[in-house]
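Below: the structure, in structure tokens.
Heavy atoms only: backbone and side chains are in, while hydrogens, waters and symmetry mates are out.
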Amino acid sequence: QVQLAESGGGLVQAGDSLRLSCAASGRTFNSNAMAWFRQAPGKEREFVAAANWNGGNTVYVDSVKERFTISRDNAKNSVYLQMNSLKPEDTAVYYCAAAVSFGDGYHYAPKLPSAYHYWGQGTQVTVSL
């Protein structure tokens with residue numbers, strides 16, 4: 001059974017940092033894109049960041065550029081999201097996702113939720129003023 005398990009969420013103040021982790025089990029994703037999405041109350045799930053199979057290509061939503069960094073450790077079958085300078089508008093449940101297709105090749109790091117087959121249960125991040 002394939003599982004993605006997120007951890008590292010919590011309640012922090014504006015300007016603080018958090019590091020989210022996502023550990024995959026049941027199969028390896030060393031050849032697949034992985035990503036982070038988030039969903040705030042009353043809003044649709046939003047793309048945050050994605051990394052191609054080796055982390056050499058990363059993409060971000062504009063609102064988190066220069067503040068968030070996605071990385072991965074294929075030896076640990078894991079992906080991470082370092083979040084700095086957190087803002088109240090970053091408050092959401094954060095989800096890890098993994099693709100199974102290889103898309104258009106080496107740099108494949110899609111932004112659409114439909115590109116990802118496996119999802120974690122989410123971890124809550126709350127940023128207070």
Side-chain angles (χ1 to χ4, degrees):
Q1 182 181 1
V2 177
Q3 288 187 326
L4 301 179
E6 302 99 336
S7 61
L11 171 62
V12 296
Q13 293 185 324
D16 286 350
S17 298
L18 278 177
R19 185 177 189 240
L20 305 184
S21 299
C22 172
S25 59
R27 64 160 282 175
T28 63
F29 293 99
N30 295 350
S31 300
N32 304 97
M34 298 187 76
W36 289 94
F37 289 77
R38 66 187 179 186
Q39 188 166 19
K43 295 187 177 181
E44 294 187 353
R45 190 167 296 190
E46 174 191 34
F47 168 79
V48 176
N52 75 325
W53 70 278
N54 67 351
N57 180 41
T58 56
V59 292
Y60 299 90
V61 66
D62 286 348
S63 60
V64 308
K65 285 181 180 177
E66 309 302 326
R67 299 189 299 123
F68 290 11
T69 302
I70 187 172
S71 62
R72 60 189 299 166
D73 184 341
N74 285 345
K76 295 182 178 180
N77 211 22
S78 296
V79 65
Y80 308 96
L81 187 67
Q82 177 67 43
M83 306 186 294
N84 298 330
S85 302
L86 282 161
K87 303 176 180 181
E89 50 264 44
D90 295 318
T91 294
V93 177
Y94 283 71
Y95 298 90
C96 168
V100 295
S101 71
F102 300 102
D104 55 1
Y106 186 92
H107 296 288
Y108 187 59
K111 297 181 180 181
L112 293 177
S114 59
Y116 294 91
H117 185 77
Y118 294 104
W119 293 82
Q121 294 299 306
T123 185
Q124 176 70 47
V125 172
T126 303
V127 185
S128 64
L129 289 170

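In this structure, the side chains of Asp16 and Val127 stay at 4.5 Å or more apart for every pair of heavy atoms. The side-chain heavy atoms of Tyr60 and Val48, taken from C-beta on, include no pair separated by under 4.5 Å. At least one side-chain heavy atom of Val100 sits under 4.5 Å from a side-chain heavy atom of Arg27. By the 4.5 Å heavy-atom criterion applied to side chains, Tyr108 and Asn52 are not counted as neighbours. Tyr80 is listed as a side-chain neighbour of Asp73, based on a closest heavy-atom distance under 4.5 Å. Side-chain contact between Leu20 and Arg38 is absent, with no heavy-atom pair separated by less than 4.5 Å. No side-chain heavy atom of Met83 sits less than 4.5 Å from a side-chain heavy atom of Trp36. Counting only heavy atoms from C-beta outward, the side chains of Val2 and Phe29 approach each other to under 4.5 Å.
Taking Ile, Leu, Val, Met, Phe, Trp and Tyr as members and joining any whose side-chain heavy atoms lie under 4.5 Å apart, directly or through other members, the hydrophobic cluster of Tyr106 also contains Trp53.
Residue Ile70 comes nearest to Thr58 through the heavy atom pair CG2-CG2, 3.6 Å, listed as atom of the first residue, atom of the second, then distance. The two residues Tyr95 and Gly120 have their closest heavy-atom pair at CD2-O, 3.5 Å. Counting all heavy atoms, side chain and backbone alike, Arg72 lies closest to Gly55 at CD-N, 3.6 Å. Across all non-hydrogen atoms, the minimal contact from Tyr116 to Ala50 is OH-CB, 3.5 Å. Of all heavy-atom pairs spanning Pro88 and Leu129, the tightest one is CG-CD2, 3.4 Å. Nearest approach of Cys96 to Met34, heavy atoms of both residues: SG-CE, 4.1 Å.
Atom SG of Cys22 and atom CG of Leu81 lie 10.5 Å apart (nearest 0.5 Å). Note: Thr69 OG1 to Asn84 CG = 6.5 Å, rounded to the nearest 0.5 Å.
A donor-acceptor pair under 3.5 Å is formed between the side chain of Glu6 and the backbone N or O of Gln121.
Taking Ser7 as the reference, Ser21 meet the side chain to side chain contact (heavy atoms under 4.5 Å, CB included) condition, with sequence neighbours excluded. By the side chain to side chain contact (heavy atoms under 4.5 Å, CB included) test, Glu66 is found to be paired with no residue, residues two or more places apart in sequence or in another chain being considered.
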Evaluate the criterion side chain to side chain contact (heavy atoms under 4.5 Å, CB included) for residue pair Phe68 and Leu18; output intermediate values, then yes/no.
-> CA-CA 10 Å; Phe68 290 11; Leu18 278 177; over 6 Å; no
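More than 12 heavy atoms of other residues, nucleotides or ligands shown are found within 6.0 angstrom of CD on Gln124.
Hydrophobic clustering (ILVMFWY, side-chain heavy atoms < 4.5 Å, transitive): Val59 and Val64 are in one cluster.
In this structure, Phe37 and Trp119 have tilted ring planes: the angle between them lies in the 30° to 60° band.
Under 4.0 Å is where a charged nitrogen must lie from a carboxylate oxygen, and between Lys87 and Asp90 no such pair does.
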